[in-house]
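So that the names make sense, note that chain A is the first sequence line, chain B the second, and so on, each numbered from 1.
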There are 2 protein chains.
Amino acid sequence: MSSRRDAVHEILRQSEGFRSAQDVYAEMRAEGAKIGLTTVYRALQALADNGHVDVLRTDDGESVYRACASGDHHHHLVCRRCGRTVEVAGPAVERWAEAVGTEHGFTEITHTVEVFGTCPACSAAAKAG
Amino acid sequence: MSSRRDAVHEILRQSEGFRSAQDVYAEMRAEGAKIGLTTVYRALQALADNGHVDVLRTDDGESVYRACASGDHHHHLVCRRCGRTVEVAGPAVERWAEAVGTEHGFTEITHTVEVFGTCPACSAAAKAG
DNA sequence: GTGCAAGTGAAAACCGTTGTCAAAATCGCC
DNA sequence: GGCGATTTTGACAACGGTTTTCACTTGCAC
């Protein structure tokens, strides 16, 4: 229905890593798209609600979004320099989280797991520079 | 040196779970302490920098702080209702994160892992209510 | 007491995000 | 195609947590 939402989704699909709302907005405007910041936020929220994109919070409280290949539950290995992201599955971690929770009598266990590092390209660049 | 910072630290020590800066500030004022919000923020940042308290971000972007018993690396099992927190160690998770990173050629691997659930008291209360 | 560095806090600035509301686009129906 | 109803859009204002600013106070050395 909404071409704007699709446009936002498309930007994320073309991105290697997580992008912030402001970032997506800036890129769309730079490409000449006529879109408002409000609409970008709404599109991202809607996409996140439908599970079409993954959301996480950066250390400084910004929400960042990514169109992930897998719709299933998975985690991310994110380069802290360039933001490039690899989707990773971790059955062991899922089990561990569940076990830790039930062990203490907790129910309805959920968890957040993110792995950060410096990707090969960036560590090479750092060494060269 | 600063008695204010100690006071802030003390509030956290007496708390069961993570507390927000505003929350700590409100409590101190309620107790009659003469302190400014600015100072609370500064104290919390300093404590976090020195590793005396752990920090994490809530889903709505607020920073929350906790004085943890262990100075070592550990994770948290947090009740999503009352905020009560249990410190948990997860050697398996540490290894998994490291392995996932190196497997993709990433270096300087770090990770964030938090487990959320409903604690026994809160799930009992929910059932009763 | 004097001088200086560090600490403090009220108020303002900041910044990402969310709400408001009128204009514009789209849909359903004839 | 025409037309009213509904949805979407976006400029702008508000919001809320955090950070900065800056003048004032406090503690310490001399």
State whether [X] places a side-chain N or O below 4.0 Å from either non-bridging phosphate oxygen (OP1 or OP2) of [N].
X       : N      : result
A:Thr39 : D:dG10 : yes
A:Gln45 : C:dT17 : no
B:Ser63 : D:dT18 : yes
A:Tyr41 : C:dT18 : no
B:Arg42 : D:dT20 : no

Could you give the [atom1]-to-[atom2] distance, from [X] to [N], as a whole number of Å?
X       : N      : atom1 : atom2 : result
B:Asp60 : C:dT18 : CG    : C1'   : 13 Å
A:Leu47 : D:dT8  : CG    : P     : 13 Å
B:Leu37 : D:dT20 : CG    : P     : 14 Å
B:Asp59 : C:dT18 : CG    : P     : 12 Å
A:Tyr65 : C:dG16 : OH    : P     : 13 Å
B:Asp49 : D:dT19 : CG    : P     : 11 Å
B:Arg57 : C:dC15 : CZ    : C1'   : 12 Å
B:Arg4  : D:dT26 : CZ    : C1'   : 10 Å

> D:dG17, C:dG16, D:dT9: which one has an atom nearest the side-chain heavy atoms of B:Gln22?
Replying inline: D:dG17
> Are B:Phe18 and B:His76 close enough, and set up right, to give a ring pair (Phe, Tyr, Trp, His ring centres under 6.0 Å), and what steps lead you there?
Replying inline: CA-CA 10 Å; B:Phe18 283 86; B:His76 301 104; 4.9 Å; yes
>> Any N or O donor-acceptor pair under 3.5 Å from the base of C:dG19 to the side chain of A:Thr38?
In response: yes
>> Under 3.5 Å, is there any donor-acceptor pair linking the side chain of B:Arg5 to the base of C:dG7?
In response: no
> Within the structure shown, what part of the strands sits under 4.0 Å from B:Ser20 by heavy-atom distance: base, sugar-phosphate, or nothing?
Replying inline: nothing
> Between A:Glu87 and A:Arg66, is there a salt bridge with N-O shorter than 4.0 Å?
Replying inline: yes
>> ring pair (Phe, Tyr, Trp, His ring centres under 6.0 Å), that's the test. Do A:His75 and A:His111 meet it? Break it down for me.
In response: CA-CA 10 Å; A:His75 301 293; A:His111 60 272; 5.2 Å; yes
>> Are the side chains of B:Glu114 and B:Leu56 in contact, using a 4.5 Å heavy-atom criterion?
In response: yes
> Does the side chain of A:Tyr65 reach to within under 4.5 Å of the side chain of A:Leu12, using non-hydrogen atoms?
Replying inline: yes
